[in-house]
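Start at 1 and go down the list; that is how both ligands and their atoms are numbered. Position 1 is the first residue of the sequence, and the numbers go up from there.
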Amino acid sequence: MTDLTGEVLEAGNPDYERARTPALPNYHHIRPRAVVRCFTPDDVSNALAYARESGIHVTPRGGGHCFAGRSSTTGIVLDLSPMNDVSVHDGTATIGAGAKLAEVYGGLHRHGLTLPAGCGPTVGIAGLTLGGGLGLLGRRYGLTSDRLRAAQVVLPDSRIVDCAHDREPDLFWALRGAGGGQFGVVTKLVFDPVPEQLATRFVLTWPSSRAADVLQKWQEIAPDAPDELSANLKIDARGATVFGTGRPDDFLDLAPATSDIRTMPYFELKQSFDELGELDPGPVLSRSHFFRRAVLALDDLGPGRELNFTPMGGAYNRTSRAATAFAHRSERFLVEHVSADADWVHQTWAQLHEHASGGVYPNFPDLHLADPLTAYHGENLARLKEIKRHYDPTGLLHFPQSL
Ligand SMILES: Cc1cc2nc3c(=O)[nH]c(=O)nc-3n(C[C@H](O)[C@H](O)[C@H](O)COP(=O)(O)OP(=O)(O)OC[C@H]3O[C@@H](n4cnc5c(N)ncnc54)[C@H](O)[C@@H]3O)c2cc1C
C-alpha cells in the first residue's frame with residue numbers, strides 16, 4: 001500500500017477539527033477518516049494512489065465553500081491550503097491551488113495586478129476558477145477561468161501533468177468551467193492577470209416599496225450596460241441595494257434613498273465588499289438559475305429571505321460556448337434565492353424557473369435539480385463525458401451529480 005505523505009490528521013490530533021471543518025455550516029457534521037495536508041504535488045499523487053488501492057473515497061479541498069459539500073467526505077480530504085504561493089514573472093501569475101482569494105488579491109496587488117474573480121476572502125481560487133468564476137470585473141474581462149493559461153494537475157492515476165492550449169488540450173478545456181473535483185487534482189494555476197486601476201465603487205439603496213421598480217429597471221440596464229459597469233442587485237426585507245463598480249448614473253434616475261459613490265484603488269474596493277462574501281452563521285439553502293429574458297416580478301420578501309441578481313453579458317458572453325467547458329455564454333443574468341427557510345427557496349425558485357433559461361452556474365451546485373448535468377454543462381456535456389472517461393475511467397473522483 002502506498003504511504004500517505006504530507007501531514008496526515010486524524011481524529012484526536014489537535015489540528016484535526018479545524019482542518020476537517022468546511023466553510024459552510026451545512027456540512028460541519030461530516031467527519032473524514034483523515035485530512036491530508038498536501039505540501040507538494042507528490043503528496044497529492046501518493047494520496048490518490050492510496051485511495052485507489054484502499055477504495056477509500058477521496059476529495060480535494062481548496063477554500064471549502066462548495067454549496068453541495070463536495071469537498072467534504074467521510075473518507076480522505078486533500079487539504080491543498082499549504083500550497084498557496086502567489087508569484088508573478090513577466091506579467092504571468094502562478095498561484096498555488098490552495099490559495100484563498102484574499103491571498104490571491106494581496107499577492108497580485110503587490111505587482112499592480114488583479115484577476116476578475118469573486119467576493120469572499122476565504123473562497124478558494126481553485127474551486128472558483130474550475131467552475132467559472134464570476135466577479136465585479138467579469139463583464140469587462142470575462143470569467144476567472146477565461147484568464148487561465150495553464151494548470152498543473154495530478155491525474156487519478158497519480159501522474160503529474162501540465163495542461164494548456166497545446167498540452168493535454170482536452171483536459172485544459174474541461175478544467176475551465178467543469179473542473180471542480182472531476183478530472184484530477186489541480187496543484188498550480190497559471191493566469192494572465194489584468195491591471196489594477198482606480199475604480200468607482202457605489203452602493204445605492206431603496207426601501208421595500210421601491211424594490212419592484214428597481215428590479216424592473218435593473219433588468220433593463222445591468223445586463224446590457226457598458227463592460228465597465230458591474231451592478232449587482234440584492235433584494236431582502238429591508239429593500240433593494242444596487243452595488244458594484246463603474247458609473248451607476250442610470251440608477252440615480254430612480255432617486256435612491258441613500259447613495260455612496262467613491263473612487264478608490266480597485267484593491268480597496270474589493271476589500272470594502274468583503275462582507276458580501278461572509279457566511280451565514282447557520283445552514284441556509286441557496287438555489288439559483290440563469291435568465292435570458294427580463295420577466296421577473298416580485299412578491300414581498302419576509303425577513304431572512306434574499307434574492308441576489310448578478311449581471312452577465314459583456315465579456316462573459318463574448319467567448320463562444322464551445323471555447324471552454326463553461327456553457328453559459330448567452331445568459332443575461334443570474335438569480336440566487338437564499339434563506340434558512342428552505343420551503344420559501346423551493347417555492348420562489350419554482351415560480352421563477354419557468355422563465356429561466358434552464359442553465360445553472362456549476363459553482364452554485366443544487367442538489368434538487370431534476371437534470372443537473374444538463375443544467376450545469378448544457379451542450380458541452382457530451383464532450384465532458386468523453387474527457388471524464390479518458391482521464392478518470394474508474395471514476396475515482398466522484399460525488400453526487402459528478403460526470
Ligand atoms: C461565501 C461565498 C461567496 C462566494 N462568492 C462567489 C463569487 O463572488 N463568485 C463566484 O463565482 N462564486 C462565488 N461563490 C461560489 C464559489 O465559486 C464555489 O463555492 C467554489 O466552488 C468554491 O471554491 P472553494 O475552493 O472555496 O471550495 P471547495 O469546497 O474547496 O471546492 C469546490 C469544488 O472544487 C473541488 N476542488 C477544490 N480544489 C480543487 C483542486 N485543487 N483541484 C480539483 N478540484 C478541486 C472540490 O473538490 C469541490 O468539488 C461563493 C461561495 C460562497 C460560499
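The closest side-chain donor-acceptor pair between Thr310 and Glu336, if any, does not fall under 3.5 angstrom. When only modelled atom types and interatomic distance are considered, Thr122 and His65 share a side-chain donor-acceptor pair under 3.5 Å. For the 3.5 Å distance criterion, the side chains of Gln152 and Thr187 qualify, holding a donor opposite an acceptor. For the residue pair Ser272 and Arg201, a side-chain donor N or O sits within less than 3.5 Å of a side-chain acceptor on the partner.
At a threshold of 4.0 Å, the pair Arg147-Asp192 counts as salt-bridged, since one of the basic side-chain nitrogens sits closer than that to a carboxylate oxygen. Using a 4.0 Å cut-off between charged nitrogen and carboxylate oxygen, Glu220 and Arg332 do not count as a salt-bridge pair. Salt bridge annotation for Asp170-Arg383: present, with a cationic side-chain nitrogen under 4.0 angstrom from a carboxylate oxygen. Of the charged side-chain nitrogens involved, at least one lies within less than 4.0 Å of a carboxylate oxygen, so that Asp146 and Arg329 count as a salt-bridged pair.
Less than 4.0 angstrom separates some heavy atom of Gly118 from each of these atoms of ligand 1: 7 (C), 8 (O), 9 (N). Each of the atoms 48 (C), 49 (O) of ligand 1 lies under 4.0 Å from some heavy atom of Arg70. When each atom of ligand 1 is checked for a heavy atom of Leu80 under 4.0 Å away, the hits are 40 (C), 41 (N). Taking a cut-off of under 4.0 Å to the non-hydrogen atoms of Ala97, the atoms of ligand 1 that pass are 41 (N). For ligand 1, the atoms closer than 4.0 angstrom to any heavy atom of Leu128 are 9 (N), 10 (C), 11 (O), 12 (N), 17 (O), 20 (C), 23 (O).
With a heavy-atom cut-off of 4.0 Å, Tyr361 touches ligand 1 through its side chain alone. By the criterion of a heavy-atom distance under 4.0 Å, the side chain of Leu24, and not its backbone, is placed next to ligand 1. Neither the backbone nor the side chain of Val153 comes within 4.0 Å of ligand 1, counting heavy atoms alone. At a heavy-atom distance under 4.0 Å, only side-chain atoms of Thr59, from C-beta outward, approach ligand 1. For Leu130, every heavy-atom contact with ligand 1 shorter than 4.0 Å involves the side chain, none the backbone.
Within the structure, the closest approach of Gly184 to ligand 1 falls below 4.0 Å when heavy atoms are considered. Not a single heavy atom of Gly135 sits under 4.0 Å from any atom of ligand 1. Residue-ligand proximity: Phe364 is placed with a non-hydrogen atom under 4.0 Å from ligand 1.
Closest to atom 5 (N) of ligand 1 by heavy atom, among Ala68, Cys119, Gly64, is Cys119. Compare Ala126, Gly127, Gly124 by their heavy atoms: the one nearest to atom 20 (C) of ligand 1 is in Gly127. Looking at Ser145, Pro22, Ala23, Gly62 and measuring to atom 30 (O) of ligand 1, the nearest heavy atom belongs to Gly62. Checking Ser72, Pro60, Gly180, Gly181 against atom 46 (C) of ligand 1, the nearest heavy atom belongs to Pro60. Proximity annotation for atom 19 (O) of ligand 1: of Gln152, His65, Lys100, His65 comes nearest, heavy atoms only.
Phe183 and Tyr391 get closest at one heavy-atom pair: O-CB, 4.1 Å.
Close N/O approach between Gly133 and ligand 1 is not found [any backbone or side-chain N/O within under 3.5 Å]. For ligand 1, none of its N or O atoms has an N or O atom of Arg61 under 3.5 Å away. Note: an N/O pair closer than 3.5 Å links Val186 and ligand 1 by distance alone.
His337 has its ring centre less than 6.0 Å from the ring centre of His289.
Counted within 6.0 Å of NZ on Lys188, heavy atoms from surrounding residues, nucleotides or ligands total 12 or fewer; the atom is thus considered open.
Partners of Phe172 by ring-ring contact (aromatic ring centres under 6.0 Å, His included), not counting sequence neighbours, listed by chain and number: His165. A search for salt bridge (charged side-chain N to carboxylate O under 4.0 Å, His left out) contacts involving Arg292 returns Glu331, not counting sequence neighbours.
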